[in-house]
Trainee: 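What follows is a single structure, and I will ask about it in a moment.
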Amino acid sequence: MKETLQKKSLHIIIPVLIAVLSFFVLSGLASSTDFHKGTLTALEQKQTTVLELSAASATASAAITLIPGDVATPIADKLADLSSHFLLVLCAIFLEKYLLTITGSITFSLLIPVACALYVAYILFDWDSLRLLASKLAIFGLLIFLLIPASVKLSNMIESTYQASIEATIESATATAEEIESSADTTSESEEGFWSGLVSSVTEGVSNAVSGITDKAGEMVNRFIEALAVMLVTCCVIPILVLMAFVWFAKILLAVDLPVNYGQLHRGLRNTISPKKPKELP
C-alpha cells in the first residue's frame, strides 16, 4: 500500500509542477512579442506590402479618372474595388497578429493547467475518461499555439516566389499614374492653344498617347489582380487550410478507435507470461 501511494504521489507531483511552470512561466513567455519576434516581423512585412498595394491601386484609380472620355472609367472602378479587397487581407493579417499572442496565453495559462488537473484527478479516482480529456486538452492547446507560426511559415514560402512580381506591380502602378497625370496636363494645355490646326495635331498625338496609357492601365489591373490573389492565398486561404489540417490531425490522434478485444489481449499476455501447464494424462 505504501509503495502504491509513493507511485501515485510521483504521478501527482509531476503534473502539478508542469501546471505551475506553465501558468507562471510559459504563459508569459508564449504571449510576449519578443518570443514571436520572427513571426510578427513577417506579418508586419505582409502588412506593409498590402498597404502599399492598396495605396498604389487607389492612386492609379484616381489618376485614370483624368483620362479624357469614359473609355478608362471601368478600369478606374475595378481598381477602386480592389482597394476594398486589400482591406480584407489587411484585417486577416491583424487577426493573425492578435491571435499569435492570445493563443499562447490561453494554451499555457488555461488549457495545460486544466489538463494537468484532470490528469491528477485521473490518478486519484482512476477514471479513464479524465485521462482522455486531459490528453485532448493538452494536444488541442499545443495545436492552436502552433497554428499561426505554421501558417505564416508556409505562406512565406509561397509569397517569396511572387515578391519580385508584387514589387514590380507597385512600381508600375506608380509610373503609370505619373504618366497619366502628365498626359492629362498636356491635354489641358493643348486645349488652350490659339492655332486650331496646331491644337488638332497636338490633340491627335495626345489621343494616341492616351490610348497607349489605357492599355498600360489594363495591364496594370491584371497585375493588381495577380498580387491580390497571392495575398489572399497567403494571408487568408493558407491559415484556414492549416487550421483544417490541424483539426484533421487532432481527430486522428485523439479519436482513433482500434478494433481490439482488450479482454482477449489481456488473457493472451497473461498466458504468454505464465503459460498454463498441460494436464498430465492418467
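Hydrogens, waters and symmetry mates are skipped; everything else that's a heavy atom, side chains included, is used.
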Trainee: Please evaluate residues L147 and T103 with respect to the criterion side-chain contact (heavy atoms from CB on, under 4.5 Å), reporting the C-alpha separation (whole Å), side-chain torsions for both, the decisive distance (0.1 Å), and the verdict.
Mentor: CA-CA 9 Å; L147 173 63; T103 53; over 6 Å; no
Trainee: Given side chains that start at C-beta, do those of V16 and C116 come closer than 4.5 Å, heavy atoms only?
Mentor: no
Trainee: Would you please name every residue forming a ring pair (Phe, Tyr, Trp, His ring centres under 6.0 Å) with F125, sequence neighbours left out?
Mentor: W127
Trainee: Quick one: are L154 and S151 in side-chain contact, heavy atoms under 4.5 Å?
Mentor: no
Trainee: Sequence neighbours left out, what passes side chain to side chain donor-acceptor pair (under 3.5 Å) with S155? Give chain and number order.
Mentor: K46
Trainee: How long is the span from the NE2 atom in H85 to the CG atom in L232, to the nearest 0.5 Å?
Mentor: 7.5 Å
Trainee: Only counting residues at least two apart or in another chain, list the ones meeting ring pair (Phe, Tyr, Trp, His ring centres under 6.0 Å) with F246.
Mentor: none
Trainee: In Å and rounded to the nearest 0.5 Å, what is the CG to CG distance from L143 to L243?
Mentor: 10.0 Å
Trainee: Which pairs of donor and acceptor atoms, one on a side chain in residues 35-45, lie under 3.5 Å apart (sequence neighbours left out)?
Mentor:
residue : atom : partner : partner atom : Å
H36     : NE2  : A30     : O            : 2.5
T41     : OG1  : K37     : O            : 2.7

Trainee: For F86, what residues pass the ring pair (Phe, Tyr, Trp, His ring centres under 6.0 Å) criterion, not counting sequence neighbours?
Mentor: none
Trainee: Measure the spacing between OG of S57 and CD1 of I225 and express it to the nearest 0.5 Å.
Mentor: 11.5 Å
Trainee: What's the separation between atom CD1 in I18 and atom CD1 in I112, rounded to the nearest 0.5 Å?
Mentor: 9.0 Å
Trainee: For T107, give me all partners under side chain to side chain donor-acceptor pair (under 3.5 Å), at least two apart in sequence or on another chain.
Mentor: none
Trainee: Honestly curious: do L124 and I13 fall in one hydrophobic cluster under the side-chain, below-4.5 Å linking rule?
Mentor: no
Trainee: Closest approach of F145 and G104, non-hydrogen atoms and distance?
Mentor: CD1-CA, 3.5 Å
Trainee: Taking a hydrophobic cluster as the set of Ile, Leu, Val, Met, Phe, Trp and Tyr residues connected by side-chain heavy atoms closer than 4.5 Å, whether directly or through intermediates, do Y122 and L17 fall within one such cluster?
Mentor: no
Trainee: Got a second to check how far S22's OG is from L111's CG, nearest 0.5 Å?
Mentor: 9.0 Å
Trainee: Is there a donor-acceptor pair under 3.5 Å between the side chain of S109 and the backbone N or O of S105?
Mentor: yes
Trainee: Only distances under 3.5 Å count here; give the side-chain donor-acceptor pairs of residues 90-99 to other protein atoms, sequence neighbours excluded, each with its distance to 0.1 Å.
Mentor:
residue : atom : partner : partner atom : Å
K97     : NZ   : Q47     : OE1          : 3.1

Trainee: Between L130 and A121, what is the shortest heavy-atom contact and its length?
Mentor: CD1-CB, 3.6 Å
Trainee: Can you hop from L88 to I240 via hydrophobic side chains spaced under 4.5 Å?
Mentor: no
Trainee: In the structure I gave you, are the side-chain heavy atoms of L53 and L228 within less than 4.5 Å of one another anywhere?
Mentor: no
Trainee: Tell me which pairs pass salt bridge (Lys or Arg N to Asp or Glu O under 4.0 Å) where either residue lies in residues 222-247, with sequence neighbours left out.
Mentor: E219-R223
Trainee: With sequence neighbours left out, what residues match V237 under side-chain contact (heavy atoms from CB on, under 4.5 Å)?
Mentor: L241
Trainee: Can you run down the salt bridge (Lys or Arg N to Asp or Glu O under 4.0 Å) pairs that involve residues 109-125, sequence neighbours left out, and say none if there aren't any?
Mentor: none
Trainee: Keeping the roles fixed (side chain from T59, backbone from A56), state whether a donor-acceptor pair exists under 3.5 Å.
Mentor: no
Trainee: Which pairs with one or both residues in residues 144-157 pass salt bridge (Lys or Arg N to Asp or Glu O under 4.0 Å), sequence neighbours excluded?
Mentor: none
Trainee: Enter the distance from K136:NZ to S129:OG here, rounded to the nearest 0.5 Å.
Mentor: 10.5 Å
Trainee: For F224, enumerate each residue passing the ring pair (Phe, Tyr, Trp, His ring centres under 6.0 Å) test, keeping only those at least two apart in sequence or located in another chain.
Mentor: none
Trainee: Counting C-beta onward and ignoring hydrogens, is there a side-chain heavy-atom pair between D34 and L29 closer than 4.5 Å?
Mentor: no
